[in-house]
Every structure is written in C-alpha cells, then in structure tokens.
Amino acid sequence: MAEAEKLKEELFRKTKSGWECTEDDKKMKIFEFCDSYIEFLNNSKTEREIVKSTKKLIEQNGFKNIVEYEKLVPGDKVYYINRNKSIYLAVIGEDSIEKGINIIGAHADSPRLDLKPNPLYEEAGLAFLKTHYYGGIKKYQWTTIPLAIHGVISKPNGENIEVCIGEDESDPIFTITDLLPHLASEQMERKLKEGVKGEELNLLVGSIPYGANIAEAVKLNILKILNEKYGITEMDFVSSEIELVPAFKSRSMGLDRSMVAGYGQDDKVCVYTSLRAILNIEKPKTTAVCIISDKEEIGSMGNTGMESHVFDTFVSEILNKLNVNRPNLLDQVFCNSKMLSADVDAAYDPIYSSAYEKNNSGYLGGGVGLNKYTGARGKSGASDANAEFVARIRGIFEQNNIKYEVAELGKIDIGGGGTIAYILANKGVDVIDCGVPVLSMHAPYEVTSKFDIYEAYRGYEAFYKS
Ligand code: MN
Ligand code: MN
C-alpha cells in the first residue's frame, strides 16, 4: 500500500490546491501583492484608465516614450500609446533582436454597457440613457446594480472632456431598473437569454423637470446639468465614448480572504500581473515586450485592437532605432518570437459542474492556467500551441517552481472562446494562452484566487527572464 502511494506520488499529475504548500511568508507576499492589485482595479475600470495608470506606473520605473529615443541600446525601456486605448512596452535585451522577442499580451477592455450615439430620452417623467452592450454579457446581470459613468466626450474644436461619475462616495450612481416579481409573470416565461433584452438596458439618470408645462422638461433639466458641468449639448454625445461600469469597488473575498472579487478582472488581472512582471526586468537577455490591447472582447478589430498593424509598427520602430532594420526582418523577428497570451481562463464552478470536464478544467487556487488551445466543437477557430512550445513553457515554470494547470474552456460541445493568441500566431510567433482562472467571468463582479494571481505574476517574470 505504502509503495502504491509512493508510486502514485511519482507518476500522477499533481492536482493539489496551491494553498496547501504555501508557507506563511509567501502567503503574506501574495496578500500584499493583491492589495496593490485591488487598488489598481479600483483606479482603472476602462481601457483608457488602464492606459493612464500604466503610463504613470511605468514612467516611475524608467520607461520613456519611444519617440524620445533616437537610438536604442540594451536595457532601454520604451513604450508606445495607441490612441489612449492600448499600449505596448519593451525592455531592450542583450541578445540580437533577430533571435526573437518574448511577448506577454493582455487586454484592457472588459465587458460593459456603452452609450448609444443618441442616448438621451424622456418617458413618463423619467430621463434615460440608451445603451449598447459591449462584449459577451448575461444582460440580466446588469440591472439593479449601481453603475458609474466613465469616458470621454470629444468636441470638434479638439477639446476632450473626461467624465467619471459614480466612483467618489459623494457622487450619485445610476442603475437600470427591472420589473418587480409581482408583475413579471410574462417576463419570467422568457428564456434567460432574453430575460432582459438589449433595448431594455436603459440607464435611469433623472426625474426632476426643468419647469412646469414644458415638453421633455426632465430631459431638458439633465442637459442643462450636463451643459453646466461639461459645457456640452445633446449633439456632443455623438462624438463620445461613454462606458457604464459597476460602481462598486473590488474587495478581498471570503472569510479566509483568499479571493478577489471585482469588475473587469478579465483581463485586468493579466494586465496588472504582466505589468508588474516587466517592471522587474532590467537588461534581459531577450527583449521583453508587454502588450495591453483593446477591443479583445468584440473580436480585436479596429485600429486599437490586436488585428491592427500598430503593434508591428512599434516593433519596426524598435528595429529602426536599434539600427538593424532591413527588408523582411520584422517577419523574421516574429517567427523567432515567443508569447504568452495573457488572458483569463474559466475556473471550474462546482455549482455548474455539468458545463465542465473535470479532468481538463482550471481550478481556483490551482495556479496559473495554460490553455494549449481555445476554440470550440472540434477545436474550431483554435490557436493550438505546438507540443514543443508547451514543453518549453512547462520547463520554465517547473524550473522556477511556479504552480500551473493545463485546462480547456469547458466541455467540448459547450465551451468556446478566443483570445489574441491566434493573431500573433498568424505572424509566426509561438503562442500559448496563459492566465488566471476566473469564476463568473464577464459578470459585473468576477472572482479570482489570490494564489493564482501571484503565480501568474511569478510565471510571467520567469518567462521574461528565460
Ligand atoms: Mn479576456
Ligand atoms: Mn472576455
């Protein structure tokens, strides 16, 4: 019997919780790290805010805008901001860049509700803002919760007005109403998918009329308030990007404080961990690059999404400033490069166990999650990492004692999802998805394990140093 146990120990894949072998001093480091992470989340709920917080953090750590450099040498730290919504960072390595770069790529955008271009209307003495949801959400989750308004309003004269209402304790918040159960017997017959419809996600923003016997007086009063505060008129909404995000704060979760609950952890948890990792990199052997992209949740399209060529332009600019560029070198660099596509993974939820396949799931506390491939139903649309590359990444993690687990996203015929992995793979980069497992992904309040967050950070750092 004892021999069988010994043999098991030797031969079986280890599936224990990471907390089991976490000593007190490491636990303290994990908790400290996650306190900073929670603070970061609370200060950056949108992609624009992420870019702003990132710029501040990296400038304090020696990064400079690439335009400030005429030529680059090993150890230089540069960044490029793409239209205030995505950012690329690099620490120049000692080795020839022709041998490739080490990339970690996360995304700053998260599911939310965007305002429509003509959002404001009044009905029954109430003023509302119409929304168009962004990314894959369960719409019913976004009603009857406190929401905050974040974003920018751009004016033709070049003025960019930043808006943030609902975060300060003294601010008002906003909400989307839902029908009381007493009157919801018809609504309750709807399928959950249509329980709340897209056109029902209208934000309640006011109820005081500007004067008596005036048509649309509540709408007028709202516009008057906005005009006084921001100098805008109704037409200015057309050139705005206003996002509604949960107004509540990220917090430590559980009696044992082992988890983080917060909005937008997909994919801000990977943004924060990869950023913290690259801050530890001084004069690496291989050039270290961190991508914080936009529009991942809606297919990575547009000039701030990963499908655009702006990242290629950034790497080309590095080649130019290293004085090594020549035709086709960029393609060669990509073909020799390695990447962790840092995006969250679906954690196994025992309440909904039928959606998962136990043997191939990521577990909260199981460490950083590797997805060899995503896709669904016959690996359709999957970027499938090569065995050799998986072996390399495993090797790095095992050498550095980083706890990881390898998972699929749910059951074969149920699951599915994509990340930015395939976009870099198309350029010839060796890529694997590598991120933190999340419960309630895409919900207004997502849950992660502090252990996994810390292992992601350590794993990313080890990858950069490899
Ligand atoms: Mn994601
Ligand atoms: Mn997502």
Side-chain angles (χ1 to χ4, degrees), residues 37 40-41 44-47 49-51 54 85-87 103-114 133-139 141-142 243-246 250 260-275 290-302 304-307 339-347 349 355 362 364 368-376 381-383 385 407-410 414-425 431-449 452-453 456-457 459-460:
Y37 166 55
F40 181 80
L41 279 182
S44 0
K45 291 189 177 178
T46 67
E47 59 279 17
E49 289 164 4
I50 286 275
V51 167
T54 300
K85 293 196 275 188
S86 60
I87 181 167
I103 309 168
I104 298 180
H107 66 91
D109 60 317
S110 301
R112 61 182 189 245
L113 307 176
D114 285 345
Y133 60 94
Y134 174 97
I137 61 164
K138 290 166 117 177
K139 295 187 276 288
Q141 294 177 335
W142 294 75
E243 307 177 9
L244 312 182
V245 296
S250 295
V260 174
Y263 163 71
Q265 298 200 70
D266 175 7
D267 186 32
K268 294 169 179 71
V269 67
C270 296
V271 166
Y272 187 71
T273 45
S274 51
L275 261 181
C290 178
I291 296 172
I292 299 174
S293 74
D294 181 31
K295 297 284 184 280
E296 192 278 338
E297 295 295 354
I298 57 168
S300 296
M301 305 302 181
T304 59
M306 208 56 225
E307 290 271 17
M339 175 182 184
L340 299 180
S341 164
D343 207 342
V344 294
D345 189 14
D349 187 338
L364 231 57
V368 60
L370 289 172
N371 281 87
K372 186 175 181 295
Y373 48 85
T374 52
S383 171
E408 286 198 20
L409 203 129
I414 296 177
T419 65
I420 61 169
Y422 75 94
I423 301 164
L424 279 294
V431 191
I432 186 165
D433 279 299
C434 175
V436 174
V438 175
L439 286 172
S440 311
M441 196 196 291
H442 286 200
Y445 225 34
E446 299 173 318
V447 174
T448 52
S449 160
D452 303 335
I453 295 169
Y457 157 64
Y460 295 157

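Order of listing sets the numbers, starting from 1, for every ligand and every atom in it.
- For the pairing with Y457, the side chain to side chain contact (heavy atoms under 4.5 Å, CB included) check across L275, T273, V368, D452 returns one residue only, T273.
- The environment of Y133 atom OH is sparse: at most 12 non-hydrogen atoms of other residues, nucleotides or ligands sit within 6.0 angstrom.
- With salt bridges taken as basic N to acidic carboxylate O contacts below 4.0 Å, none links K85 and E47.
- Closest N/O/S atom of D266 to the Mn ion (ligand 2): OD2.
- Nearest N/O/S atom of D343 with respect to the Mn ion (ligand 1) is recorded as OD1.
- Distances from the Mn ion (ligand 1) show that E296 has no N/O/S atom below 2.8 Å.
- Looking only at distances, no side-chain donor or acceptor of E446 sits under 3.5 Å from a matching main-chain atom of M441.
- Crowding of K138 atom NZ: a count of heavy atoms from other residues, nucleotides or ligands under 6.0 Å not exceeding 12.
- Angle subtended at the Mn ion (ligand 2) by H442 NE2 and E297 OE1: 80°, rounded to 10 degrees.
- H107 lies close to the Mn ion (ligand 1), since one of its N, O or S atoms is found at a distance under 2.8 Å.
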